[in-house]
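Please read the structure below before turning to the comments.
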Amino acid sequence: VYYSMTTAENGSNGDGHANRCKILVPEKLSDDGVAILSKQHDVVVDLKLDAVSILKEIGKYDALIVRSGTKVTRELLEAGTKLKVVGRAGVGVDNIDLAAASERGIMVVNAPTGNCLAAAEHAVALMCAMSRHIGSADASMKRGEWARTKYVGVSLVHKTLSVIGFGRIGREVAKRAKGLGMHVVAYDPFVSVEAGAAVGVQVLSLDDALATGDFITLHLPLLESTKNLINKERLSLVKPSARIINAARGGIIVEEALLEALNKGRLAGAALDCFSDEPTPKHPDSVSMQLAAHPLVIATPHLGASTAEAQLDVAIEISESVVIALNGGMASTLVNAPAMEEPVLRRLQPRATLAKRLAKMALQQHMAERTDSKAAFSDVTIEYHLRDEKEDTRLVKSHVIQGLLESSSEVPINIVNAENTAKRRGLTLKEVRVAVSEEEDQYISVRIGVERELKGRTLGGHPHVTHIGEFETDLRLEGILVVYRQIDRPGQLGRAGNILGEAGVNISNMTIARNAPGNEAMVLLGVDSSPDEQTLKKLRETVCENCEPSVIQF
């Protein structure tokens, strides 16, 4: 189907502007979304275009709206010489080259909220269907059977639902589960116990949440930190009578471990909407296919967002954002930073890099000193000691937010979306500006809550940490660092060196800071490779005092 929609005859975009922009839509978008676009701009919807055709045509267009099927590559963006905005009708933007878009000043917007309710409802539907054997009973009826005694289910009322990932979707699932009379607990390292209690949900550690739940539902993005999170060891914590639901992403559960648990009776059932290998029929010999066909599994083909209402909401959300961007506004769903002039970027980038790495280090220190159920934080202070008190610090501030939140965010965080992301996560950032003279060093400090303040400066364009609380140091923040505290006494460093050496971890550089002889010392070791958990355990038991050694990779 090919058609062009234009509503104004006089060339106005509806706001009195003379130029109407051209928008290309090569994938399905609801008529309501197209109508929003066509009120002010010219829209071409052509579902026949393949990648080669889009590449040939894109030079004519000011905007491009895609779903997951179109790869928006650097080559495509460079061919789109008129492109101002790329819209992604959905949440994930992994099919868009964000770096290339930012370099060319092309705004990228997505639709992060449109399918939240649909995904939550699907998770609850899977839980209900699994608890009462709906799928198997339906298939039995269609075979002409009447097997009432074969499909005795379990009730949901008074059962405990463990929500792993308490973001937008997880909260909507919890709300519905409480309406079913369930007790709800949750795990999310970025949600405090107090925040959970405010909505009637008990926040636990991951292991405790897994061990507690009669039903366990996953609502996490697929990141390096969440890939294979539910492995064999963690599945061993789950009650044999428990049932697990995954309507989030394939890859969060180790599928081999899940299959083994089901086969050996260590798990009562699973309901899966997503798999590591999709579509499963294209991977007939995969573990994903074995799970989809398993008698204890209810399987659906990634239907979490597949409701007419969700598709409509996504279309409306992305269309409104694209119109705002084309009309010169700043859409709240922007996921990349606007282009900056090269001289300004060159001057600010080293300081922004420093800010991000200080924030990342502050987060690692914070997490190392707490159990995951108490690791949430809501207040961060950034202090700028600058010669120009009026210097624009938005880029630096956005990099602090990046360092704090990017490990748990599915969407890239940048100068455009950093403030909204922090606000949505309940993070309050206080900025303090201090003017310094020409003779004084310019530096930045980051503090989480009332904890140790981390200070740093740039030296030769490179980021250096100069203070960690009361400990004065000077170390370039690059590569891999092992950071820990110890009692300042003879032989400590030698013991640490032996432990790392036995594990094949080479120390490339080091610094030790102490607050007084024989008191506490802060150790920062630059290493060539990350030590494994066993090595960190030996460090903790041998040289660390009341703290977890942390590994920070820049």
Side-chain angles (χ1 to χ4, degrees), residues 112-132 153-221 226 229-230 234 237-239 241-248 252 268-269 271 273 304 309-310 313 366-367 370-379 405 408-410 420-428 449:
T113 65
N115 59 16
C116 285
L117 293 180
E121 288 175 353
H122 194 63
V124 173
L126 288 172
M127 178 172 65
C128 292
M130 178 168 50
S131 71
R132 301 302 295 269
V154 295
S155 179
L156 298 180
V157 69
H158 304 314
K159 297 296 193 303
T160 295
L161 174 66
S162 293
V163 182
I164 310 301
F166 205 56
R168 285 194 191 102
I169 298 172
R171 288 170 187 260
E172 292 295 338
V173 170
K175 194 184 300 181
R176 286 152 179 76
K178 289 172 73 67
L180 292 170
M182 301 183 79
H183 172 60
V184 181
V185 301
Y187 161 75
D188 193 310
F190 294 94
V191 174
S192 67
V193 172
E194 292 76 16
V199 292
V201 172
Q202 184 182 7
V203 176
L204 304 174
S205 69
L206 176 58
D207 288 355
D208 287 346
L210 291 172
T212 301
D214 298 301
F215 292 84
I216 299 163
T217 182
L218 307 181
H219 300 287
L220 299 162
T226 61
L229 181 70
I230 310 301
R234 289 203 165 102
L237 304 173
V238 176
K239 294 185 287 191
S241 59
R243 294 163 172 84
I244 194 163
I245 303 120
N246 185 12
I252 295 172
D273 185 50
E309 294 83 359
D313 290 344
H366 174 83
M367 300 294 283
R370 280 161 177 73
T371 61
D372 55 4
S373 63
K374 298 179 180 178
F377 58 91
S378 58
D379 299 300
L405 300 181
S408 63
S409 176
E410 192 171 25
N420 284 337
T421 302
K423 185 177 180 181
R424 179 169 54 82
R425 299 285 286 272
L427 187 63
T428 302

- Task: Could you walk me through whether Phe215 and Ile244 pass side-chain contact (heavy atoms from CB on, under 4.5 Å), step by step?
- Result: CA-CA 6 Å; Phe215 292 84; Ile244 194 163; over 6 Å; no
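- A donor-acceptor contact under 3.5 angstrom links the side chains of Arg425 and Ser408, judged on distance only.
- Here the straight-line distance linking atom OG1 of Thr428 with atom CZ of Phe377 works out to 11.0 Å at 0.5 Å rounding.
- Using a 4.5 Å heavy-atom cutoff, the side chains of Val238 and Ile216 are in contact.
- Taking the side chain as every heavy atom from C-beta outward, Val124 and Leu180 approach each other to under 4.5 Å.
- Residue Cys116 comes nearest to Arg168 through the heavy atom pair SG-CD, 3.7 Å, listed as atom of the first residue, atom of the second, then distance.
- In this structure, the side chains of His122 and Met127 stay at 4.5 Å or more apart for every pair of heavy atoms.
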- Task: Would you please test Asp313 and Thr113 for side-chain contact (heavy atoms from CB on, under 4.5 Å) and show each step?
- Result: CA-CA 8 Å; Asp313 290 344; Thr113 65; over 6 Å; no
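- A distance-only check finds no donor-acceptor pair linking the side chain of Lys159 to the backbone of Gly213 [under 3.5 Å].
- Shown here for Leu405 and Ala422, the closest heavy-atom pair between the two residues is CD1-CA, 4.1 Å.
- Shown here for Leu117 and Arg176, the closest heavy-atom pair between the two residues is CD2-NH2, 3.5 Å.
- Counting heavy atoms from C-beta outward, Asp214 and Leu161 have side chains that stay 4.5 Å or more apart.
- Here the side chain of Asp273 pairs a donor or acceptor atom with the backbone of Gly304 at under 3.5 angstrom.
- Annotation: side chain of His219 is not in contact with side chain of Phe166 (no heavy-atom distance under 4.5 Å).
- How far NZ of Lys239 is from CG of Leu210: 11.5 Å, rounded to the nearest 0.5 Å.
- Judged by distance alone, with hydrogens and angles left aside, the side-chain atoms of Arg132 form no donor-acceptor pair with the main-chain N or O of Met130 at under 3.5 Å.
- Here the rule is side chain to side chain contact (heavy atoms under 4.5 Å, CB included) with Leu218, and of Leu229, Asn246, Ile245, Thr226 only Asn246 fits it.
- Between Val154 and Arg243 there is a side-chain heavy-atom pair separated by less than 4.5 Å.
- Across Val184 and Ala177, no two heavy atoms sit closer than the pair CG2-CB, 4.0 Å.
- In this structure, the side chains of His183 and Thr212 stay at 4.5 Å or more apart for every pair of heavy atoms.
- Nearest heavy-atom pair, Ile164 versus Ala209, reported as atom, atom and distance to 0.1 Å: CD1-CB, 3.9 Å.
- Annotation: side chain of Leu156 is in contact with side chain of Ser131 (closest heavy-atom distance under 4.5 Å).
- Between Val185 and the choices Leu204, Val163, Asp208, the side chain to side chain contact (heavy atoms under 4.5 Å, CB included) rule is met once, by Leu204.
- When all heavy atoms of Val173 and Ala123 are compared, the closest pair comes out as CG2-CB, 4.1 Å.
- Atom CD of residue Glu172 and atom CD1 of residue Ile169 lie 9.0 Å apart, to the nearest 0.5 angstrom.
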